[in-house]
Amino acid sequence: MIEIRNVQKSFGSLSVLKDISLQVKKGEAVVIIGPSGSGKTTLLRCLNLLEQPTNGSIRIGDAKLHFHEGQSIKRQFLMELRLHTGMVFQSHHLFPHMTAQQNVMEGLVTVQRRTKAEARTTALKLLHKVGLSDKADSYPYQLSGGQQQRVGIARALAMGPDVLLFDEPTSALDPEIVGEVLKVMAELKQEGMTMVVVTHEMQFARSISDRVVFMDQGVVVEEGKPEQIFDHPEQERTKQFLNRLNWL
Amino acid sequence: MDKYINLFIDSLWPLFKAGLLFAVPLTLISFALGLALALLTALVRLSNIKPLVWMARFYVWVIRGTPLLVQLFIIFYGLPSLGITIGAFPAAIIGFSLSVGAYNSEVIRAAIQSIPQGQWEAADSLGMTRAQILRRIILPQAARVSVPPLSNSFISLVKDTSLAATITVTEMFQRAQQIAASTYEHMLIYCEVALVYLFFSTILSAAQVRVEKYFERYVVR
Ligand SMILES: Nc1ncnc2c1ncn2[C@@H]1O[C@H](COP(=O)(O)OP(=O)(O)O)[C@@H](O)[C@H]1O
Ligand SMILES: [Mg+2]
């Protein structure tokens, strides 16, 4: 489904991703953990092409792009790859001037050229799926953080992506509402959605993931099944990280 | 006393009519054209296309740095010596539009820049084109931010249309000058025309409040 090969990303002289290679199979949930500043967000943004990798290649489904330093890629090709992915942002970035339903409809109407009626039906179905049927006509400011984040998930799902990317979807939320977002994500996993999730919720990471990737300083230090990473990490840096979170 | 009341009543309609025929259309047309120019200038300045950016900056610099009165004189009295003759009313429209465009391009540019980067990225990640993102996501939000400053500029314009008198447009103030000259009742007539301006700007301010309400429907009140 996803194949990342030798991806590097630098901002000026700052090298943030150093030769990352990673595969995600269809229906797999891969959780990325690692200390802050290790490049997790940048990796997700590269998958969504909000950032262009400096070097390397990315394949998602049947779309594939090679990146070479100093060579920019036509927006049209970026778009092709991007449409295979859906992004859920840390701070949701809902459109404040649109209701929940309009937020979910936006991509369907402007990008996929669906009719309003069709888009509305799809939006209501997706809002129902994330448990927000009764909030379709609410503006983002009228929703709680957890509800906003769930609208964000519905908005990303609307485009029918092959893979959903989550960047710390719960880290801006109050502890008591983290659960409602995680529940929706667990349901998506049940339905076979392919997901790449950056999170600090270790309990959740363990229960939802097929594979855990530990990143530090722009490299994949260790990856494996959740039991292996959480209970028997091999690398010293992984141990230290989990220790600091009182996990080991 | 009766004499004053009669004069007041007699001049009210000519003044009011001049307002309806000149101040109001001058304001509405110049503001509409000016806003389009302002939006264009703001987008050009945000475009990073160097020559265009310089042109836009030059335009804003010149218009903001020189008196509107002088600009009107250049357009109406100056251009004919270059062989370009423009009627008084169109000349006024050009002058006012250029002025509205220059001042408000900065307002609109600031408003666009005040919209968080995340909004661009969220729309981008849905696959929207830059034009779609501007039109559907950024500009509606920027409009809300810019309505209060734009309204101020609108009200100022109502009053600035009196400057058109200086380039022979027989607008309200010109009418007032004519009446005052023939009756010698300067105090009365100029106070009266002030009242008529007040009337028009109050009506237009009321419209402004409604526009602001409309744009604030999605914000906590
Ligand atoms: N647009 C950018 N410009 C410059 N540096 C950036 C940019 N985005 C991220 N970085 C840097 O890249 C590093 C990794 O950031 P990030 O991917 O956000 O890490 P994480 O999500 O793991 O905390 C940080 O040092 C950060 O300062
Ligand atoms: Mg991050």
Side-chain angles (χ1 to χ4, degrees), chain A residues 41 44-45 47-52 75-76 78-100 102-113 119 137-143 148 151-152 154-161 164-167 172, chain B residues 35 39 42-44 46-50 52 107-151 208-221:
Chain A
T41 296
L44 282 194
R45 290 169 62 87
L47 283 174
N48 195 239
L49 296 161
L50 286 172
E51 305 286 359
Q52 282 188 43
R75 202 178 153 81
Q76 172 200 344
L78 295 177
M79 213 58 102
E80 212 168 291
L81 192 67
R82 170 177 292 161
L83 287 177
H84 289 268
T85 69
M87 182 85 158
V88 177
F89 297 89
Q90 183 169 0
S91 43
H92 69 77
H93 298 330
L94 291 182
F95 307 130
H97 58 304
M98 298 182 183
T99 63
Q102 289 167 338
N103 264 278
V104 182
M105 285 168 63
E106 184 58 26
L108 293 170
V109 175
T110 39
V111 179
Q112 299 192 350
R113 299 280 168 207
D137 295 324
S138 302
Y139 284 99
Y141 81 88
Q142 295 167 315
L143 301 174
Q148 289 170 339
V151 176
R155 180 175 68 179
L157 278 174
M159 305 304 285
L164 269 190
L165 312 171
F166 294 85
D167 188 11
Chain B
L35 270 195
L39 178 60
L43 292 180
V44 160
L46 294 168
S47 73
N48 287 331
I49 305 169
K50 281 281 148 54
L52 290 180
V107 169
I108 293 176
R109 187 169 72 106
I112 291 175
Q113 283 179 326
S114 76
I115 307 305
Q117 192 59 25
Q119 291 289 307
W120 285 93
E121 294 187 345
D124 215 359
S125 79
L126 291 179
M128 293 168 76
T129 64
R130 293 190 76 76
Q132 287 171 334
I133 299 175
L134 260 178
R135 187 162 47 81
R136 302 200 39 102
I137 308 299
I138 305 301
L139 290 182
Q141 296 182 58
R144 187 186 73 79
V145 186
S146 33
V147 166
L150 290 183
S151 309
Q208 158 198 351
V209 172
R210 298 187 68 134
V211 175
E212 272 175 36
K213 281 250 163 65
Y214 172 78
F215 278 108
E216 275 169 10
R217 71 197 181 283
Y218 58 84
V219 197
V220 197
R221 275 185 283 273

Give the member of A:Pro140, A:Ser91, A:Pro96 that has the highest number of heavy-atom pairs under 4.5 Å with chain B.
A:Pro96
Heavy-atom distances under 4.5 Å only: say whether B:Gln132 touches chain A with side chain, backbone, both or neither.
side chain
CZ (A:Arg75) and CZ (B:Arg130) are apart, to the nearest 0.5 Å, by 6.0 Å
Would you check if A:Leu94 and B:Gln119 make a side-chain contact, meaning some heavy-atom pair closer than 4.5 Å?
no
Distance from B:Ser125 atom OG to A:Leu83 atom CG, nearest 0.5 Å?
10.0 Å
Are the side chains of A:Glu106 and B:Arg136 in touch, meaning some heavy atoms are under 4.5 Å apart?
yes
Per-residue contact mode, A:Arg155 against chain B (heavy atom under 4.5 angstrom):
both
So do the side chains of B:Asp124 and A:Arg82 get within less than 4.5 Å of each other, counting heavy atoms only?
yes
Quick one: of A:His92, A:Met79, A:His97, A:Gln112, who has the most non-hydrogen atom pairs under 4.5 Å with chain B?
A:His97
side-chain contact (heavy atoms from CB on, under 4.5 Å) assessment of A:Met87 paired with B:Glu121:
CA-CA 10 Å; A:Met87 182 85 158; B:Glu121 294 187 345; over 6 Å; no
Cut-off 4.5 Å, heavy atoms of chain B, and the answer for A:Phe89 is side chain
Given the options B:Ala123, B:Pro116, B:Pro140, B:Gly118, which has more heavy-atom pairs under 4.5 Å with chain A than any of the others?
B:Gly118
Taking side chain as C-beta onward, heavy atoms only, is A:Phe95 less than 4.5 Å from B:Ile138?
no
Could you tell me the separation between the CD1 atom of B:Ile137 and the OG1 atom of A:Thr110, rounded to the nearest 0.5 Å?
7.0 Å
